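What follows is one structure encoded as C-alpha cells, with my remarks underneath.
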Amino acid sequence: MADADPGIHAMESLFDQGGAVGLQGPLAGLPFVAKSLFWIEGQKPTAGSKMLSRFRAPIDAPVIAGLRAAGAIPMGYARMDEFAMGGDGSRCAWGETLHPAKPGRLPGGSSSGSAAALAAGMSMFSLGSDTGGSIRIPASHCGLHGLKPTYGALSRFGMVPYAFSLDCPGAFAKTASDMAWIFEAMSSGPAGWDERQALRDHRGLGKAATLEGRRLGAMDKPWAGVRIGIPWRWVEGCDQPAKEAFASWVRTAGDMGASVLDLDWESPDEAVWAYYLLASCEAQSSLARYDPARLGWQAEARSASSWEGACRQGRSELMGREAKMRALMGAMALSEPSRGSLYAKACGLRAALCARWALAFESLDLVACPTCPGPAPWAGAPMSEELEWAQDRLAIPASLGGICALSAPWAKRSDGFDMGIQLCAPWHAEHRLLPLAIAAECCGAY
Amino acid sequence: MDIESTDQTSSTASWPMDWRPFQENVAWRVALGKVIEARDEQRLSELCEVWMGLEIHLRLDTGRKLFCDVPQGQAGWVDMGYPGALPSMDPKAQALATRLGIALGAQIGARMGFERKRYAYPDLSKGYQTTQKARCVWTGGRIECIDGFVMPLERAQIEEDAARVRRGVDGFEMDFERAGAPLLEVVGACIQMTPEQAVACSKTLWRESIHCAASLGLIEEGWFKTDINISIKPKGAAGLGERVEVKGVGSFEFCKVAAVDRMWALAGELLDSAPRPARTMGFDEVKMVCIPMREKGQDHAYKFLPDGDLATREACLLETHCSGWLQTVEKLCRIDQALADELGEDPRKTRVLSMVSSAFWEDLDRKPSGFAAQALRAFFEKMDPSAWRADPASAAKALQWLVGAVDAQGIGRALRSLQGRAVAIWFSTRRRRLALRPTGIRRWHARLCQSEWRRRRAGWHPASGALLS
C-alpha cells in the first residue's frame, strides 16, 4: 500500500495492525480503507481538515463495527475534501488526490481517496459518504461501483457531520455482488446501538441478492419486466461522449429485457437550489462546534485575548475556504431578515421533490441517467460552470430525495474515460437494486 | 400582552407618545418620586402597573443526560460535542414533562420536535443548544396558587443544560458535569402581578414538580432556577416599557429580592428623560443585588434550525397520565402539606417526599394495576377528612411513621406497609380540572398513528417528514 500511494496521494494515514485478524464472516480478511470521517477506535478521523487533526475517535462507528464483525480489516484513512465539501478531491487540507489511471486528473470527490485507493488496488473495497454525489461521482470517474444507500438505511453515528438531513454512509466496490455483502455488513452493526438512526436491518441481503442476481443473470433476459425511466432532460447538459455512451447503455438495457420509458421530468434546478440552501444551513450548524481550544489547539488559542478572538483566529487558520464559505452562507440564510424561513422553503421544495420521486416510482422500478456529465476534471483547473451545474442536476435529485442510488461503471465513452450509470431506486429498495446490478454484471453487460 | 412584542419598540429611544402626559405631569412625577423614596408598594400600584413573566428551568429527574445514556454528573459524547456523536433522546424526560403538564392542565402537543438554537458562547459544546421552539412538549396550562392567584402558562420546552464556564488563571475552564442535563423550561405568560405573587407561583410550580416526581427540586444544587422578566408602565397607558430580565435566580428568597429590586429601579427610570433598552441581568447571591450581563439586543443573534438528528416524537401518554392518576398528584400534595406541618423546614422533607413520589410513579407507570396502585387506592380510600380534622395528632403520628419508614427501611418496605394504615390528610378541596379524558386520548392517539402510517406509505423522505410536519 505504501508503495502504491506516492503517485496518487489517496491515503491520509495507515493503521498499525496489531493483534489477531478475524477469519470469520463473509468479508473475512478483506482489507478496506475508510474515508477519514468515520470513527475508528483510537484513530484520528480528520475529515480532511487541520481543525480535526488532533481529534481521536473514542469508539468504532456502527458501520465500521459491522464490517469488523463480518471479518473485514480497516487499513487506513483515505483523503477527502475538507468536511466532505467539494466535488473533485482537490479541497483536502493534506493535499489533493490524483486519479490512479489518468495522469494529471482528479478522481472526483468528496470521497476522493477512497475511490482512488480502491481503483489503484490498495484495498478490496472502501467506505465513503455521500451528501450530494460524493460517492457516485468518484465511483463514476474511477470505474467503480458506488452505492449511496437510502438516507437513514445506515447509521450516521460516528461520522463527522456535514449536513444531517443529507449525509449517507456508503461504499465503493469493484463488483455489485461485493457491494451487496458490504452493504449488509455495514447495516448490521451491534444491535441496539443506535436503533433510531439505522431505519432498516438488512441482514441476509448479501446472500439473497447474490443468489437472486445470479438466477436472473443466468436467464436470457435478466432485466425482463423491469421498467426503467430515463429523464432525458437531465442528460442534455452532458458532453457528447457521455450522451453517446448513455444511449448505448439504454440500448443494452433494452436488450436485457427492460422496458425503457421516457420520464418527463423538467430540469431539477429547484432541487439544486434547495440542496445548496439546506446543506449550507446544516453545515453552519455542524461546523459551529469546532472550537480550536477544545480540539487540542489550547496553546495556539492562549495567545488570543478573548474566546471569540481565539475561535476566529483558529478557524481562519485551520479551516479551508470552501468550509468557511458554506458556513457563512448558512449563517446568512438563517439570520435576519429571513430567520429560518428560507430553510423552511427549501424543506418545502424537498417535500415536493420527494412526492415527485414517489409518483415516478409508482410506475417505474428504476430511474437511470449518467452519473457524471464529463470526464474526470484536470488537477489545478476548475471545472466549467456548465459542467458543474450539469453534474449537480444529475447527482442531487437522488440526494435530496433520500432515495437509494448506485453508480455502476460503464466504460463506453469514446474518449476512453470511465463513466458511470446512476441507477436510482425507491427508498429502502436496495434489495431490488443490487440483484438487478448483479444480474447485469453476470450476463456480461459491464 | 405577549412579552416578545415589546421587542418591537427596542429601536426607538424615546418614550411612547401616550406615556408623555404622565411624565410631563409634575404632580404625577412628584407623587411617583415620593412613592419610590418611601418604597410604598401599595401606592406604587396606584400610579404604575408592574408586569412580570417567569421562565422557570427545572431539572428533570431522569437519572441520565437528555441525549446521552450516561448518568447525571458524567458527560457523554453528545454532551462534549464530539463530531459524529448522535443524540438519542431519553423518553423518560418526555414522560415526566408530560405528567407535569397534565397536572398543570396544559395541552399536550400531538408531536414534539427539537430545534438547534445557535449562539456564540463557550458554554455550548456543540455550538448550539438543543431546545424546542415550534413543537413544544406542551402549551397552555396554569399555575394555581393556594391563595387563588392564577398565572397562565404559555408553553414548556424540554432542553439540555449548557456546560459551566469558569475563568481560570490562563483562559477558560469548562465543566461538563451538568452539560446535557435534562431541563424543562416552563414559560409563564406576562401578566400584571406583584413580586410576592410571582414568588408564590414559582413556589407552587416547584411543589407541583416534586409531587409529579418530575424533579427532585433540590434548589441548592441548581435543580430549580427562575428567570424573571419585569416591565413597568404608568397606570392607564398603553403598551409596556422595555423589559429587564434577571436570569438564573436560585432560591425563592432571592427571587423576591431581585423582583423588588428591579421593580423599584424600573419605577425610578420612568422619571428619566429617555427609556433604556431591554437588558439582561444576573443575580449576585452574596451581595443580594442584580448585576448587569448584557443588553438584550443580542437576542437577535439566535439562529434556529430544526434538528434532524432527533426525530419528532408523538405525544407520550401513558394510562397513568390521564386516567384516575391525576388524583394521586393531589394526594401527594396533601402528604406534602402534612409533612410540612410535621417537619417544618426540615431539609429532609424535600428528599423524603421526592423519594416517595418517584417510587409511586415508577411503579404506576410500569404497571398501572400493580402493587403500588392497589396500595395507594386502599391507602386513600380509608382517608377520612373529618377524622383528620378531629384528630390531627393521629395523622401527625402516621406521618412521622411514614418518614421514619422511608428513612429506615427504604421505599419498597414503606410502600408495602402503607396498606392498611389509615392516614387521613385533607387540607384543601381544590379539584384540578382534567385536561384530557382517557377514552378521547386513546382514540386520538390511534388517529395520529394512522396518519403517520399513511404518510410513510406515501413514500415520504424520512427527513422531510420530520422537518416539515
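Sequence lines set the chain letters: A, B, ... in the order given, protein chains first and strands last, and positions in each chain run from 1. Computed from a predicted structure; not experimentally measured.
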Which value, rounded to the nearest 0.5 Å, describes the distance between A:S286 atom OG and B:D309 atom CG?
8.0 Å
Is any side-chain heavy atom of B:V165 closer than 4.5 Å to a side-chain heavy atom of A:W307?
no
Any side-chain heavy-atom pair of B:L86 and A:R156 under 4.5 Å
yes
Please identify, among A:C311, A:P161, A:P58, the residue contributing the most non-hydrogen atom pairs under 4.5 Å to chain B.
A:P58
Surrounding NZ of B:K117 (heavy atoms of other residues, nucleotides or ligands, distance under 6.0 Å), is the total greater than 12?
yes
Check the pair A:F164 / B:R116 against side chain to side chain contact (heavy atoms under 4.5 Å, CB included), numbers first and verdict last.
CA-CA 12 Å; A:F164 54 73; B:R116 297 174 169 194; 3.4 Å; yes
Can you say whether B:Y128 sits under 4.5 Å from chain A via the side chain, the backbone, both, or neither, judging by heavy atoms?
side chain
Test A:L334 against B:F304 for side chain to side chain contact (heavy atoms under 4.5 Å, CB included), laying out the working first.
CA-CA 7 Å; A:L334 289 174; B:F304 284 94; over 6 Å; no
I'd like to know if the side chain of A:R289 and the backbone of B:Y82 have a donor-acceptor N/O pair within less than 3.5 Å.
yes
Determine yes or no for a side-chain-to-main-chain donor-acceptor pair under 3.5 angstrom, with A:W39 supplying the side chain and B:P83 the backbone.
yes
Any chance you could measure B:R118, atom CZ, to A:S285, atom OG, to the nearest 0.5 Å?
8.0 Å
Side chain / backbone / both / neither for A:L52 at chain B, heavy atoms under 4.5 Å:
side chain
Exercise: identify the closest heavy-atom pair between B:P306 and A:Y343:
CD-CE2, 3.5 Å
Residue part contacting chain B, namely of A:F38, when any heavy atom lies under 4.5 Å
neither
Apply side chain to side chain contact (heavy atoms under 4.5 Å, CB included) to the pair B:M80 and A:R294, showing each step before the final yes or no.
CA-CA 10 Å; B:M80 305 274 287; A:R294 287 221 324 280; over 6 Å; no
Side chain, backbone, both or neither: which part of A:Y290 has a heavy atom under 4.5 Å from chain B?
side chain
